[in-house]
K.L.:
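Let me begin by handing over the structure; questions about it come next.
One-based numbering along the sequence shown. Hydrogens, waters and symmetry mates play no part in the numbers below; they use all other heavy atoms, side chains included.
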Amino acid sequence: MRIGFAGLGAIGGPIAVHLARHHEVAVWNRTAERAAAFALERGGIHAPTPRAVAEGRDIVFTCLPNSPDVEQVVAGPDGLEAGLARGAVLVDLTSGIPAASRRIAARLAARGVGFADAPVSGGIKGAEAGALTIMVGSDPATFERIRPVLETFGKRIVHVGPVGAGDALKAVHNALIAVNIFAIGEALTTLAKAGVAPRTALEVINNANGRSFVSEQLVPERVLTGAWPRTFRLALLDKDVDIARALTDEQGVESPMISTVSRLLHEARAELGEEADHVEAIRLHERHAGVELRG
Ligand code: NDP
């Protein structure tokens with residue numbers, strides 16, 4: 001397959017590495033140095049524009065922060081749509097907005113180009129291991145066409161519905177992560193003030209039914225150690241929860257949980273900045289409670 005890839009960020013970079021092992025890959029990145037370095041190290045072709053990364057390609061991937069970024073890269077004389085040939089497919093790995101994905105799909109369909117929203121889950125570790133979960137929104141024929149290429153970097157590839165369904169599921173899934181982050185932050189700061197050390201509390205919680213991925217892995221590895229690695233920006237989680245909140249509004253579903261974590265994430269983002277990691281949201285609880293959750 002001849003593959004194009006736009007967006008060599010924290011998650012896009014390792015995905016493109018897997019693709020380059022099995023396919024001929026052309027890469028484009030807004031900051032050109034990143035694409036140049038990739039081409040040098042991985043043997044891909046450095047495309048100077050989105051149009052060039054799409055020309056002559058069977059499948060083109062985008063992995064950008066949000067759907068408006070994708071729409072921007074698709075449009076215009078140097079955009080992806082100018083380069084995509086009839087019969088090609090654009091696969092958007094961005095955790096994006098369902099309605100925007102439907103808009104992009106309709107725009108490309110008019111030119112005979114297929115589209116799938118295919119957000120991923122599993123973090124940088126999952127991307128590096130080629131073991132991501134991929135939730136695909138597309139028509140069934142497009143799904144079958146792209147599945148073999150998705151298998152290059154995905155372990156669990158699920159067709160979840162029509163275009164937009166992948167984005168919807170991803171946003172709601174990440175809202176669950178956010179709920180868990182704030183819930184365990186609140187729990188552990190309360191317990192610390194009540195005299196139960198965080199490690200002791202987690203020894204019980206993680207062997208009982210209040211546990212979650214956040215309490216079992218993220219808090220011990222990142223909070224108790226004070227390591228705070230930066231793998232998935234808090235700003236991106238905030239964006240995901242905004243998408244989930246808009247979805248609850250659209251569907252007329254009451255959302256006390258999602259609305260609350262959305263407000264807390266806005267607060268955390270304003271306090272901690274655009275480059276903070278999502279788990280650092282727990283610092284908000286620490287600051288408010290005046291305790292540090294170290295092991
Ligand atoms: P990063 O911020 O690390 O990278 C973003 C990429 O998009 C960079 O290549 C950046 O280019 C490019 N970019 C940003 N804005 C624009 C724009 N307006 N036009 C063109 N290119 C742009 O993000 P991630 O890689 O972490 O995330 C990408 C997507 O994947 C997001 O939707 C995120 O929610 C999702 N995701 C992330 C995970 C993670 O663990 N990090 C896990 C699962 C999903 P430049 O180099 O110039 O900055």
K.L.:
Arg294: which residues meet the side chain to side chain donor-acceptor pair (under 3.5 Å) condition with it, sequence neighbours left out?
P.N.:
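For Arg294 the side chain to side chain donor-acceptor pair (under 3.5 Å) partners, ignoring immediate neighbours, are Glu286.
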K.L.:
By the salt bridge (Lys or Arg N to Asp or Glu O under 4.0 Å) test, which pairs, at least two apart or in different chains, include something from residues 25-48?
P.N.:
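Checked against salt bridge (Lys or Arg N to Asp or Glu O under 4.0 Å) - neighbours excluded - no pair reaches residues 25-48.
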K.L.:
If only atom types and distance count, is the side chain of Asp117 paired as donor or acceptor with the main-chain N or O of Gly166 below 3.5 Å?
P.N.:
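Pair found, side chain donor or acceptor close to backbone of Gly166.
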K.L.:
My understanding is that only residues two or more places apart in sequence, or in another chain, count here; which of them pass side chain to side chain donor-acceptor pair (under 3.5 Å) with Arg145?
P.N.:
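So Arg145 forms no side chain to side chain donor-acceptor pair (under 3.5 Å) with any residue.
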K.L.:
Looking at Glu267, I want to see if its CD is surrounded by more than 12 non-hydrogen atoms of other residues, nucleotides or ligands under 6.0 Å.
P.N.:
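Yes - once you tally the heavy atoms of other residues, nucleotides and ligands closer than 6.0 Å, there are more than 12.
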K.L.:
Anything under 30° is parallel, anything over 60° is perpendicular, the rest tilted; go ahead and classify Phe143 against His159.
P.N.:
parallel
K.L.:
Verify, without hydrogens or angle tests, whether Ser212 (side chain) and Ser215 (backbone) share a donor-acceptor contact under 3.5 angstrom.
P.N.:
yes
K.L.:
Is there a path of hydrophobic side-chain contacts, each under 4.5 Å between heavy atoms, that joins Val74 and Trp28?
P.N.:
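Val74 and Trp28: one cluster.
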K.L.:
List for me each residue that meets side chain to side chain donor-acceptor pair (under 3.5 Å) alongside Thr49, sequence neighbours excluded, and say none if there are none.
P.N.:
none
K.L.:
Taking only residues at least two apart or on different chains, which pairs with a member in residues 244-266 satisfy salt bridge (Lys or Arg N to Asp or Glu O under 4.0 Å)?
P.N.:
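Passing the test, one end in residues 244-266: Asp242-Arg245.
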K.L.:
Is the side chain of Lys193 donor-acceptor paired with the backbone N or O of Gly290 at a distance under 3.5 Å, no angle test?
P.N.:
no
K.L.:
For a quick test of your reading: what N or O donor-acceptor pairs under 3.5 Å do the side chains of residues 148-158 make, sequence neighbours left out?
P.N.:
unit_1	atom_1	unit_2	atom_2	d
Thr152	OG1	Val149	O	2.7

K.L.:
Answer yes or no: is there a side-chain heavy-atom contact under 4.5 Å between His266 and Val241?
P.N.:
no
K.L.:
Who passes side-chain contact (heavy atoms from CB on, under 4.5 Å) against Glu216, sequence neighbours left out?
P.N.:
Asn206, Arg211
K.L.:
Between His46 and Phe38, does the ring pair (Phe, Tyr, Trp, His ring centres under 6.0 Å) criterion hold? Intermediate values first, please.
P.N.:
CA-CA 8 Å; His46 175 196; Phe38 184 97; over 10 Å; no
K.L.:
Sequence neighbours excluded and cut-off under 3.5 Å, please list the side-chain donor-acceptor pairs for residues 75-83, or say none.
P.N.:
unit_1	atom_1	unit_2	atom_2	d
Glu81	OE1	Arg107	NE	2.9
Glu81	OE2	Arg107	NE	3.4
Glu81	OE2	Arg107	NH2	2.8

K.L.:
Taking salt bridge (Lys or Arg N to Asp or Glu O under 4.0 Å) as the cut-off, I'd like each qualifying pair that reaches into residues 61-76, sequence neighbours left out, listed once.
P.N.:
Glu71-Arg103
K.L.:
Go through the steps for Arg233 and Glu280 under the test salt bridge (charged side-chain N to carboxylate O under 4.0 Å, His left out), then give the verdict.
P.N.:
CA-CA 9 Å; Arg233 291 189 294 123; Glu280 291 184 64; over 6 Å; no
K.L.:
List the residues meeting salt bridge (Lys or Arg N to Asp or Glu O under 4.0 Å) with Glu144, not counting sequence neighbours, and say none if there are none.
P.N.:
Arg147
K.L.:
Is there a path of hydrophobic side-chain contacts, each under 4.5 Å between heavy atoms of I/L/V/M/F/W/Y residues, joining Val136 to Leu247?
P.N.:
no
K.L.:
Side chains of Trp228 and Asp277: closer than 4.5 Å at any heavy-atom pair?
P.N.:
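Result no, sub-4.5 Å side-chain heavy-atom pair not found.
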K.L.:
Grab the two heavy atoms, one from Thr189 and one from Ala289, that are nearest each other, plus how far apart they are.
P.N.:
CB-CB, 3.9 Å
K.L.:
Hey, are the side chains of Ile243 and Asn66 touching, using non-hydrogen atoms and a 4.5 Å cut-off?
P.N.:
yes
K.L.:
For residues 5-19, tabulate all N or O donor-acceptor pairs below 3.5 Å that involve a side-chain atom, not counting sequence neighbours.
P.N.:
unit_1	atom_1	unit_2	atom_2	d
His18	ND1	Arg21	NH1	3.4
His18	NE2	Ala127	O	3.1
His18	NE2	Glu128	O	2.9
His18	NE2	Gly130	N	3.2

K.L.:
So, for Ala39 and Gly44, which heavy atoms are closest and what is the spacing to 0.1 Å?
P.N.:
CB-O, 3.3 Å
K.L.:
Name every donor-acceptor pair, under 3.5 Å, that has one atom in a side chain of residues 169-179 and the other anywhere in the protein, sequence neighbours excluded.
P.N.:
unit_1	atom_1	unit_2	atom_2	d
Lys170	NZ	Val120	O	2.7
Asn174	ND2	Asp240	OD2	2.7

